[in-house]
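Some notes on the structure that comes next.
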Amino acid sequence: AKLKDGKGDNEESMPSANEISSYKAMNIDSSFVHSFAAIGYKNISYNQLTTLKALHITPEYVKSFRDIGYTDLSVNQLSSFKSLGITPEFIKGYKAMGFKDLTPNNVESLKALNITAEYAKSFEPFGFKDLSVNNLSTLRSLNITPDFIRGFQEMGFKNLSVNNLSSLKALGITGDYIKGFEGVGLKNLTVNQLSSLKSMNVTPESVKGFKSLGFEDISVNELTSCKALGVTPEYIKEMQDKGFKSNDLNKYVRLKTAFN
């Protein structure tokens with residue numbers, strides 16, 4: 001087996017005195033190098049050798065992953081697996097659930113986010129079967145739980161996607177927020193509509209404000225457009241007090257944009 005200095009060149013070189021001292025201290029000898037060369041890891045750099053030794057990565061450890069289909073793991077991937085405590089048993093648990101083509105990056109994501117097979121199964125009663133690793137990572141990173149889903153399903157949201165759930169959680173949309181709009185007449189709102197309202201900081205109180213001025217049938221699109229343009233109930237009341245009165249909300253929008 002050839003050793004490289006790990007500095008990016010391809011030329012074979014001898015280790016420095018300091019590197020030799022490190023090898024001696026870590027008990028890295030020719031038999032250790034050859035044991036990896038025998039299973040295909042040739043031209044290993046000094047840094048890679050010390051990493052393998054420091055993490056107690058052995059040829060047997062490498063073989064245990066080859067036995068379940070991971071035949072070309074790099075030293076960096078092996079190091080990540082070992083550091084994260086990834087075992088063949090961990091991967092087998094997911095394969096038993098139907099994850100047949102997990103990449104090393106997939107496996108690392110599952111382990112780093114503490115996504116267990118049990119966690120994945122907990123979503124199945126709510127209609128979320130065959131979730132991808134990306135889906136599971138999204139759910140975990142946002143701390144979305146089965147209870148979170150149950151709460152929305154009980155409110156009538158029966159066909160939520162992972163993207164829907166992500167929007168609801170990321171924007172802090174709660175059952176109370178939804179009920180607030182229902183109380184002012186905006187019922188059966190979709191996740192997209194709720195997301196638009198929340199992202200624009202439109203509140204049930206602002207809806208009440210518009211309705212008190214005669215705009216009883218104001219739509220979600222009108223609410224978000226008015227918010228974006230600064231057409232508030234307060235603005236409309238100010239214009240009305242100055243003599244500009246209309247039942248057409250668009251006229252207030254045009255007035256606002258004309259003088260901005």
Side-chain angles (χ1 to χ4, degrees), residues 113 119 122-132 134-260:
L113 289 168
Y119 177 78
S122 70
F123 291 97
E124 291 183 357
F126 302 94
F128 291 88
K129 299 180 180 180
D130 302 320
L131 289 170
S132 69
N134 285 341
N135 285 157
L136 287 167
S137 299
T138 297
L139 293 170
R140 189 64 159 180
S141 62
L142 288 171
N143 195 29
I144 294 171
T145 64
D147 285 340
F148 179 81
I149 299 171
R150 182 187 292 111
F152 283 99
Q153 288 187 344
E154 289 175 350
M155 292 185 68
F157 294 89
K158 300 298 184 182
N159 298 306
L160 293 171
S161 66
V162 172
N163 284 340
N164 289 155
L165 291 169
S166 301
S167 295
L168 292 168
K169 187 70 173 183
L171 289 169
I173 297 170
T174 64
D176 288 341
Y177 182 76
I178 296 170
K179 289 175 183 177
F181 283 106
E182 290 177 345
V184 293
L186 291 178
K187 300 180 180 181
N188 301 317
L189 294 173
T190 67
V191 173
N192 286 341
Q193 288 175 322
L194 287 165
S195 299
S196 295
L197 292 168
K198 187 68 172 180
S199 62
M200 293 300 298
N201 197 30
V202 177
T203 64
E205 287 69 28
S206 64
V207 180
K208 288 180 184 177
F210 282 107
K211 292 198 170 195
S212 70
L213 294 170
F215 300 99
E216 291 289 341
D217 299 319
I218 189 167
S219 69
V220 171
N221 285 342
E222 287 173 327
L223 284 166
T224 54
S225 295
C226 285
K227 184 71 175 184
L229 294 169
V231 178
T232 63
E234 293 76 17
Y235 172 78
I236 294 174
K237 182 67 168 60
E238 180 185 351
M239 293 300 102
Q240 288 178 343
D241 290 343
K242 292 179 179 180
F244 187 91
K245 297 182 179 181
S246 175
N247 294 324
D248 185 351
L249 188 59
N250 287 326
K251 289 185 178 180
Y252 290 100
V253 171
R254 289 195 292 271
L255 181 66
K256 181 71 173 178
T257 54
F259 290 96
N260 276 351

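As the structure is a prediction and not an experimental result, all values here were calculated from the model.
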When rounded to the nearest 0.5 angstrom, what distance separates [atom1] in [X] from [atom2] in [Y]?
X	Y	atom1	atom2	value
T138	L113	OG1	CG	9.5 Å
I144	L165	CD1	CG	5.0 Å
M239	K256	CE	NZ	7.5 Å
S206	I218	OG	CD1	8.0 Å
T232	K237	OG1	NZ	12.0 Å
S195	L168	OG	CG	6.0 Å

Could you tell me which non-hydrogen atom of [X] sits nearest to which non-hydrogen atom of [Y], and how far apart they are?
X	Y	result
L189	F157	O-CE2, 3.5 Å
K251	S246	CD-OG, 3.3 Å
N164	N159	OD1-O, 4.0 Å
F123	L131	CB-CD1, 4.1 Å
T224	M200	O-CE, 3.9 Å
L223	F210	CD2-CD1, 3.8 Å

(request) Indicate whether the side chain of N135 and that of S132 have a donor and an acceptor atom separated by less than 3.5 Å. (result)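 Their side chains do contain a donor-acceptor pair, which is all the 3.5 Å distance test asks for.
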Extract all donor-acceptor atom pairs below 3.5 Å that involve side chains of residues 177-188 and protein atoms in other chains or at least two apart in sequence.
{"residue": "Y177", "atom": "OH", "partner": "K198", "partner atom": "N", "Å": "3.3"}
{"residue": "Y177", "atom": "OH", "partner": "V202", "partner atom": "O", "Å": "2.9"}

(message) Quick one, V253 and S225 - any side-chain contact, counting heavy atoms below 4.5 Å?
(response) no
Quick check on [X]: does its [atom1] atom have over 12 non-hydrogen neighbours (other residues, nucleotides or ligands) under 6.0 Å away?
X	atom1	result
D147	CG	yes
D217	CG	no
D130	CG	no
K211	NZ	yes

(request) State which residues pass ring-ring contact (aromatic ring centres under 6.0 Å, His included) with F126; sequence neighbours excluded, sorted by chain then number. (result)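 Scan of F126 (ring-ring contact (aromatic ring centres under 6.0 Å, His included), adjacent residues dropped) gives none.
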(message) If we ignore hydrogens and angles and just use 3.5 Å, is the side chain of K158 paired with the main-chain N or O of Q153 as donor and acceptor?
(response)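 Checking the backbone N and O of Q153 against the side chain of K158, a donor-acceptor pair under 3.5 Å is found.
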(request) Quick one: list whatever passes salt bridge (charged side-chain N to carboxylate O under 4.0 Å, His left out) with R254, sequence neighbours left out. (result)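 R254 satisfies salt bridge (charged side-chain N to carboxylate O under 4.0 Å, His left out) with no other residue.
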(request) Could you tell me which residues satisfy side-chain hydrogen bond (donor to acceptor under 3.5 Å, both in side chains) with Q240, sequence neighbours excluded, listed by chain and number? (result)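 Q240: side-chain hydrogen bond (donor to acceptor under 3.5 Å, both in side chains) contacts with Y252.
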(request) Please identify each residue that fulfils side-chain contact (heavy atoms from CB on, under 4.5 Å) with N163, with sequence neighbours left out. (result)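 side-chain contact (heavy atoms from CB on, under 4.5 Å) check on N163 returns S161.
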(message) According to side-chain contact (heavy atoms from CB on, under 4.5 Å), who are the partners of T190, at least two apart in sequence or on a separate chain?
(response)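 Testing T190 for side-chain contact (heavy atoms from CB on, under 4.5 Å), a comparison that skips the adjacent residues, returns N192, Q193.
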